[in-house]
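Step one of this worksheet: look at the structure below.
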Amino acid sequence: MRATQYYAPTLRQAPAEAEIPSHKLLVRGGFIRPLTSGVFTYLPLGLRVLRRVEQVVREEMNRAGALEVFMAVLEPKELWERTGRWDSFQPQPLRTEDRTGRWFCLGPTHEEVITDLVARDVSSYKQLPLTLYQIQTKFRDEIRPRGGLIRVKEFTMKDAYSFDIDEAGLARSYQAMYEAYVRIFARLGLATLVVQAEAGSMGGSDTREFMVLSDSGEDTVFVCDKCDYAANAECATSRLPEADSETEPADDYQRVDTPGATTIQAISEMLGTPPTKLLKTLLYRADERFVAALVRGDRELNEIKLQRATGADELRMATAEEILALTGAPVGFSGPVGLPDEVEIIADREIEFLGNAVVGANEADAHLVGVNVSRDFAVSRYADLRQAAAGDPCPQCETGRLATRRAIEMGHIFKLDTKYSEDLGALYTSEDGEQRPMVMGCYGIGVSRALAAIVEEHHDDAGIIWPLEVAPFGVVILLLDPENAKLAAVAEDLLTQLEAAGYEVMLDDRDERPGVKFKDAELIGYPLIVVVGRKTAESGEVEVRRRQDSAEEVVPIAGAVATLQELAEEA
RNA sequence: CGGGGCGUGGCGCAGUUUGGUUAGCGCGUUUGACUGGGGGUCAAAAGGUCGCCGGUUCAAAUCCGGCCGCCCCGACCA
């Protein structure tokens, strides 16, 4: 390819709206252009990278035994009603209506379509296991797009679905996908951390996310400094403390006046009690009922965990009016002692070890001190409710401490079990003649997001540094003086030779100053740079340079291809 | 949706507080010349509904009201 015949508009300055490196560089380098919030156009360079990432994913999925299909973007409402997700999927899918008034959604995911497909065509255990995947445009009405390609409303995703006869089969399919993912991310040049996570809108278990650590990421993960424990903040936990043996139970709890002390900090200061000896009582509305969630005073409640513990579809904090009606006290003085029976008390496991605690008195401007679990109030059940915090002891090993990192979620694998196969009738006849629901797994990769993650991980002040595997062109030839016919001929010849050697090559034959060409080459991030310039005219030599580390060799023209190959292989 | 910021030639910005000539600057673009190893120089030129609608005023980029769009922080996810 020749630059004079290409469309790669580079920008000297980043658009004002871009903040993270990948967003700035992908726009500056002429890979993408914004259309509207959360929607981008891919220019020729960007499309090339996207296709190369897709190809890596495709090859590894195929190698793992998965079969590619291509499903429709339009998904009929009736299908989604069968799984109950037409109304419950969050954020609500983008919807559209045809001229007869029939509703569709623009597919945010394809469990319904694939399960319906397989339900129709697969009926015997002999046809299983089966893993199908597609690489396709997904639409999600994101509440807030952000970070260039990190979070958008329309994006390319690889989604795969496995169908097995039983749990053991699912475990094998799942493992195959896990291993495929490891290979995919390695080839893409992404160092990933596999973390425990939640399944979100899809529902499921054994959820693992493949995370790329990056300050530009929107997820927080907790990692242990001693062992391999790693978990998304939404489900990370910490080791439980030893029983509080030094605290002898008080004879009875006492009521104390705490005028105006509605916060943990205020009570702590007023009573001279550390927050770890306080007990936070948080009232929530869980569907049609109320629950009181108890966590230690120094802890934050993790609402995802509470929602999971309650099994509620909708969970929200109780309003001030509801709290007053339930407890008889304003916000800030709720406590577990003397709550109405209809309020279920769910306590974080950590507070089981708390003796002589301070709690709200369910009375304005008063707290109770010396309160003890079981003796003074009944916990209906214990669950892991607390938000992990940096510095917490690791739940998995003896001595480790947790630290937080920012991360980009690149892939997500989880077990769906039989939810969708039951709802959509994906049954098979087993060897012993029984009808059973297929056991499913689900596996996603954010293909377009991978562009952002790769750039986040592979760039410097000058621009992008594409790994050879995904580079839009592996090599750029910089013809520094295109007016010089001799040099132009050398460059043309190199172009032919390199293409014959299997490289995709860009020849920068524009009538631009050398400086412009160097800057653009570095911004765009070609992994290998061949310079045809003054040295070529003087001594018949060209420079072969590697973008990632600026390693450079000056060699006779005839040796250029071999030298370039060496540099590529060492990379 | 809550909070914050921003909208002025293609890109980045100044001007708005305190209304007042013909709306500026850098980059980019076009033409010509020079130049040809790190975004070069000189000369000339094109390119603007100052986000939109309405209001105030002799006069609005500037003041007032409404709306739209974009970005950042929070709840959602590949």
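Just so it is clear, the model here is predicted, and its values are computed rather than measured. Residue numbers begin at 1 in each chain, while the letters A, B, ... track the order of the sequences. Note: hydrogens, waters and symmetry copies are ignored here, and every other heavy atom, side chains too, is used.
Looking at heavy-atom distances under 4.0 Å, R33(A) makes no contact with the nucleic acid at all. Residue contacts for D511(A): at a heavy-atom cut-off of 4.0 Å it reaches a base atom on one of the strands shown. Using a 4.0 Å heavy-atom criterion, one finds that K535(A) contacts the bases of the nucleic acid, with or without backbone contacts as well. Within the 4.0 angstrom heavy-atom criterion, base atoms lie near I143(A). Among the heavy atoms of the strands, none lies under 4.0 Å from V447(A). The residue V212(A) sits apart from the nucleic acid: no heavy atom pair falls under 4.0 Å. Residue E543(A) is classed as a base contact, given a heavy-atom separation below 4.0 Å to a base. Among the heavy atoms of the strands lying under 4.0 Å from A14(A) are primed sugar atoms or P, OP1, OP2 only; no base atom is included. Heavy atoms of E209(A) sit nowhere under 4.0 angstrom from any nucleic acid atom. Across all strands, G533(A) comes closer than 4.0 Å to base atoms (heavy-atom distances). Residue contacts for R510(A): at a heavy-atom cut-off of 4.0 Å it reaches no nucleic acid atom on any strand shown. Among the heavy atoms of the strands lying under 4.0 Å from E142(A) is at least one base atom, whether or not backbone atoms are also near. Nucleic acid contact for D219(A): base, since at least one base atom lies under 4.0 Å from a heavy atom of the residue.
A distance of 6.0 Å or more separates the ring centres of Y420(A) and F163(A).
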With 3.5 Å as the limit, what N/O pairs link the protein to nucleotides 69-72 of chain B?
residue: C70(B); atom: OP1; partner: T36(A); partner atom: OG1; Å: 2.4
residue: C70(B); atom: OP1; partner: S37(A); partner atom: N; Å: 2.7
residue: C71(B); atom: OP2; partner: S37(A); partner atom: OG; Å: 2.7
residue: C72(B); atom: OP1; partner: G147(A); partner atom: N; Å: 3.1

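Across all non-hydrogen atoms, the minimal contact from A293(A) to L385(A) is CB-CD1, 4.2 Å.
Of the candidate nucleotides C11(B), G36(B), A75(B), G36(B) has the atom nearest to the side chain of P514(A). With G40(B), C76(B), G37(B) as the candidates, the nucleotide lying closest to the side chain of R513(A) is G40(B). Side-chain atoms of E483(A) lie closest to G36(B) of the nucleotides G36(B), C76(B), C11(B). Among the nucleotides G36(B), A78(B), G38(B), the one closest to the side chain of R545(A) is G38(B). Looking at the side chain of E522(A), the nearest of the listed nucleotides C77(B), C76(B), G38(B) is G38(B).
Between D87(A) and R85(A) there is no salt bridge, since no side-chain N of the basic residue sits under 4.0 Å from a carboxylate O of the acidic one. A salt bridge is absent between E456(A) and R406(A); no separation between the charged side-chain nitrogens and carboxylate oxygens falls under 4.0 Å. For the pair E492(A) and R2(A), the salt-bridge criterion is met [side-chain N within less than 4.0 Å of a carboxylate O].
At a cut-off of 3.5 angstrom, the base of C77(B) holds at least one donor-acceptor pair with the side chain of R151(A). For G26(B), the base has a donor-acceptor partner in the side chain of Q13(A) [N/O atoms by modelled type, under 3.5 angstrom].
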Q: Tell me, with the steps shown, if I524(A) and V476(A) meet side-chain contact (heavy atoms from CB on, under 4.5 Å).
A: CA-CA 10 Å; I524(A) 290 169; V476(A) 64; over 6 Å; no
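The aromatic ring of F518(A) does not sit over the base of G37(B); the criterion of centres under 5.5 Å apart with planes under 30° is not met.
There is no side-chain donor-acceptor pair under 3.5 Å between Q265(A) and T263(A).
Spacing between A78(B) and C64(B) at atom P, rounded to whole Å, works out to 45 Å. Rounded to whole Å, the C1' atom of U62(B) lies 13 Å from the corresponding atom of U56(B).
A straight line from CG of N302(A) to P of A75(B) spans 11 Å, rounded to a whole angstrom.
The aromatic rings of F210(A) and F185(A) sit tilted relative to each other, their planes meeting at an angle between 30° and 60°.
Around the CG atom of D215(A), the shell of radius 6.0 Å holds no more than 12 heavy atoms that belong to other residues, nucleotides or ligands.
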